[in-house]
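What follows is a short report on a single structure.
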Amino acid sequence: ITSVVDVGSTYNFLKLRDSLSGNKLLPSVYMTGPLLTTYEPQVFMGLKNDEPFRLVSTIEDAKKAINEQLPYRPDFIKIWYIVSLGKEGVEAAARKYEPLIKEIIQEAHKNKLKVAVHATERIAAQIAVQNGCDFLVHDIEDEVVSDSFVQLLKSGKVILSPTLTVMDNYYNTFGQKINYNTYDLKNSDPLAIGSIYDIKHLSNSVIPALKQRFDQPQMKIRISRTDSIRKVNLKKLADGGVTIAAGTDAGNIGTQHASSFQNELKAMQESGLSIWQVLQSATINPAKILDKEMVSGNIAKGKVADMILLNADPTKSLENLTAINKIFKNGNVLDPESLVSKTPELLVQQQLNAYNARNIEAFLEPYSDDVEIYSFPNTLISKGKDAMRKSYTDMFAKMPNLHCELKGRIIQGNIVIDRESVSGMISNTKVEATAVYEIKNHKIIKVYFIR
């Protein structure tokens, strides 16, 4: 990923963007300021420069919110158009905010800033587009859109980012149905994935209540319905000539940064888009969001050399997008293996996540080929990754509820010591143990188990 469009930011993140902008080896980052919203959750209020929202209730609020952002030089303005469903119905609720939406868009355009709008209801998206918005974030999920709606977006040159997978990740996380694949487990931030698996250990009564709620039959019906509508709408919009830009809304619960992009592209293909349409949605189309298509987004003489060199043809399969040979950023050649150095803690966490996912390939990846497993202090249990593969493959198959809870961790140089509680054993008893991991050359070379 050589460029990122952040559709929900803070003033402190805008400052961070500026502090890193001189490093030509990093991805280009384009950000909004805090989202201008018709509704703000109380938990986000009062955070000052870390607050991701600005509540706007009047025309004066709208003008003030935009002018407040200008010194921080946002790349565009974002509206969080939240329609609270009441007795008056969806359209009446959306129309109530139309004067604010119109004012924000006009004020932003006056300051030469484009406007993105979060709108998942058709009427909210329609109002935003009719009032001049440039970029719709999320697909329409409450109804299948009409031909006239498609034409409205096309004639207004509105770009849409469907974010097909983000809501399912909420449902899967809270319903305790999260199932990260091998690519996720190998390439996501291990600590972030670990935090998702740790949700089941929270004592807060909210978590069991959420799991029960997301297990309800009506919730499953709703998820299936909105999924279907989003997919149908994406295909219809793309075929109708609307510019589609791939995006994940990563950072939301369960949606991991970077690795989720591959899952999003696959979901777009499953919606009926051709591989060429998907590739365009990830390259030239996003460049159009901020009028960068003349300098970036495809390979042409005179354009910025932001691209990846692959070992396999992505037009044959989207899986080949992960077969990366080299990365070019601003003309600089980068080796993908050298970009992220995994610390001892991250390596240990990665194998723990894969253990809990019972994914043998991701589990073995952090280990050295000649890894040694000991019962403390010096009784050798097994040697080599092949031996581990056999024993752990059998274990994962026989114990489908196997789970390791991390109770404590000490990191000392290249040694990581984990206090673990393992459940889901055949005996139905928990095993309390301490594991000592020794790391060398970015691989786990020895493990000592203490019981």
Side-chain angles (χ1 to χ4, degrees), residues 4-18 29-41 44-84 91-138 140 152-161 243 245 247 249 286-293:
V4 177
V5 177
D6 185 350
V7 292
S9 189
T10 68
Y11 290 144
N12 279 339
F13 277 130
L14 284 167
K15 290 179 180 177
L16 181 60
R17 173 206 62 182
D18 292 343
V29 178
Y30 304 98
M31 284 182 165
T32 68
L35 309 188
L36 308 188
T37 178
T38 54
Y39 159 75
E40 181 175 14
F44 293 109
M45 295 180 179
L47 298 179
K48 298 181 179 178
N49 280 4
D50 287 316
E51 189 170 347
F53 299 104
R54 284 293 182 272
L55 185 64
V56 291
S57 303
T58 66
I59 299 297
E60 290 70 27
D61 287 345
K63 290 182 178 180
K64 181 180 178 182
I66 290 178
N67 285 296
E68 180 188 88
Q69 292 194 17
L70 296 180
Y72 294 91
R73 299 185 304 105
D75 295 292
F76 58 108
I77 299 295
K78 168 79 178 291
I79 301 172
W80 207 41
Y81 195 172
I82 303 301
V83 178
S84 300
E91 179 157 0
R95 293 286 181 195
K96 180 173 65 177
Y97 298 119
E98 184 170 4
L100 286 175
I101 303 302
K102 181 178 181 179
E103 183 62 35
I104 292 170
I105 294 171
Q106 287 181 345
E107 191 69 20
H109 286 172
K110 192 186 302 181
N111 286 281
K112 303 189 185 314
L113 290 170
K114 289 194 171 187
V115 179
V117 179
H118 165 116
T120 56
E121 298 85 8
R122 188 272 307 164
I123 184 60
Q126 179 180 316
I127 289 171
V129 174
Q130 288 172 336
N131 283 281
C133 89
D134 307 284
F135 180 30
L136 284 177
V137 182
H138 311 303
I140 307 306
L152 175 68
L153 269 60
K154 182 181 178 181
S155 61
K157 298 182 179 179
V158 174
I159 297 170
L160 181 137
S161 183
T243 301
D249 216 11
K288 297 175 183 177
I289 295 171
L290 296 172
D291 298 328
K292 303 289 184 183
E293 68 269 28

Legend entry - Which residues share a salt bridge (Lys or Arg N to Asp or Glu O under 4.0 Å) with Lys110, sequence neighbours left out: Glu107

Legend entry - Closest approach of Ala245 to Ser161 (non-hydrogen atoms, all atoms of both residues): O-OG, 3.0 Å

Inset, instruction - Just jot down the ring-ring contact (aromatic ring centres under 6.0 Å, His included) partners of Tyr11, sequence neighbours excluded, or say none. - result: Tyr72

Inset, instruction - To the nearest 0.5 Å, tell me how far Tyr97 OH sits from Tyr81 OH. - result: 9.0 Å

Inset, instruction - Indicate yes or no: at least one non-hydrogen side-chain atom of Arg17 is less than 4.5 angstrom from one of Arg73. - result: yes

Legend entry - Heavy-atom side-chain proximity of Asp134 to His109 below 4.5 angstrom: yes

Legend entry - salt bridge (Lys or Arg N to Asp or Glu O under 4.0 Å) partners of Arg54, counting only residues at least two apart: Glu51, Glu68

Legend entry - Partner set under salt bridge (Lys or Arg N to Asp or Glu O under 4.0 Å) for Lys114, not counting sequence neighbours: Asp291

Inset, instruction - Mind checking side chain to side chain donor-acceptor pair (under 3.5 Å) for Asp50 and listing every partner two or more places apart, or none if nothing turns up? - result: Asn12

Inset, instruction - Measure from the side-chain N and O atoms of Thr243 to the backbone N and O of Ile159, and report whether any donor-acceptor pair falls under 3.5 Å. - result: no

Inset, instruction - Without swapping roles, check the side chain of Lys78 against the backbone of Gly8 for a donor-acceptor pair under 3.5 Å. - result: no

Inset, instruction - Only counting residues at least two apart or in another chain, list the ones meeting side chain to side chain contact (heavy atoms under 4.5 Å, CB included) with Leu152. - result: Gln126, Val129, Gln130

Legend entry - Minimum-distance pair of heavy atoms, taken over all atoms of Ala108 and Ile66: N-CD1, 3.7 Å

Legend entry - Taking every non-hydrogen atom, the tightest pair across Ile140 and Ala119: CD1-O, 3.9 Å

Inset, instruction - Could you pull out all residues at least two apart from Phe44 that satisfy ring-ring contact (aromatic ring centres under 6.0 Å, His included)? - result: Phe53

Inset, instruction - State the CG-OH distance between Asp75 and Tyr30, to the nearest 0.5 angstrom. - result: 7.5 Å

Inset, instruction - Identify the two heavy atoms, one from Ile104 and one from Leu36, that lie closest to each other, and give their separation to 0.1 Å. - result: CG2-CD1, 3.7 Å

Inset, instruction - Kindly write out the residues that satisfy salt bridge (Lys or Arg N to Asp or Glu O under 4.0 Å) with Glu40, not counting sequence neighbours, or none if the list is empty. - result: none

Legend entry - Spacing of CG belonging to Leu100 relative to OG1 belonging to Thr38, to within rounding of 0.5 Å: 8.0 Å

Legend entry - Validation row: Asn49, Lys15 side chains within 4.5 angstrom (heavy atoms): yes

Legend entry - Residues that His138 engages under ring-ring contact (aromatic ring centres under 6.0 Å, His included), provided they are two or more places apart: His118

Inset, instruction - Only counting residues at least two apart or in another chain, list the ones meeting side chain to side chain donor-acceptor pair (under 3.5 Å) with Asn67. - result: none

Legend entry - For Ile101 against Ala128, the heavy-atom pair lying closest together: CG2-CA, 4.3 Å

Inset, instruction - Please list, chain by chain and in numerical order, all residues satisfying side chain to side chain donor-acceptor pair (under 3.5 Å) with Glu98, sequence neighbours excluded. - result: Arg95, Asn131

Inset, instruction - Could you tell me whether the side chain of Ile79 reaches within less than 4.5 Å of the side chain of Val56, counting heavy atoms only? - result: no

Legend entry - pair Pro74-Thr32: side-chain heavy atoms closer than 4.5 Å: no

Inset, instruction - Without swapping roles, check the side chain of Glu103 against the backbone of Lys63 for a donor-acceptor pair under 3.5 Å. - result: no

Legend entry - Heavy-atom side-chain proximity of Ile289 to Phe76 below 4.5 angstrom: no

Inset, instruction - Any chance you could measure Asn111, atom CG, to Leu70, atom CG, to the nearest 0.5 Å? - result: 4.5 Å

Legend entry - Shortest non-hydrogen contact from Val117 toward Cys133: CG2-CB, 3.7 Å

Legend entry - Set of side chain to side chain donor-acceptor pair (under 3.5 Å) partners for Asp6, sequence neighbours left out: none

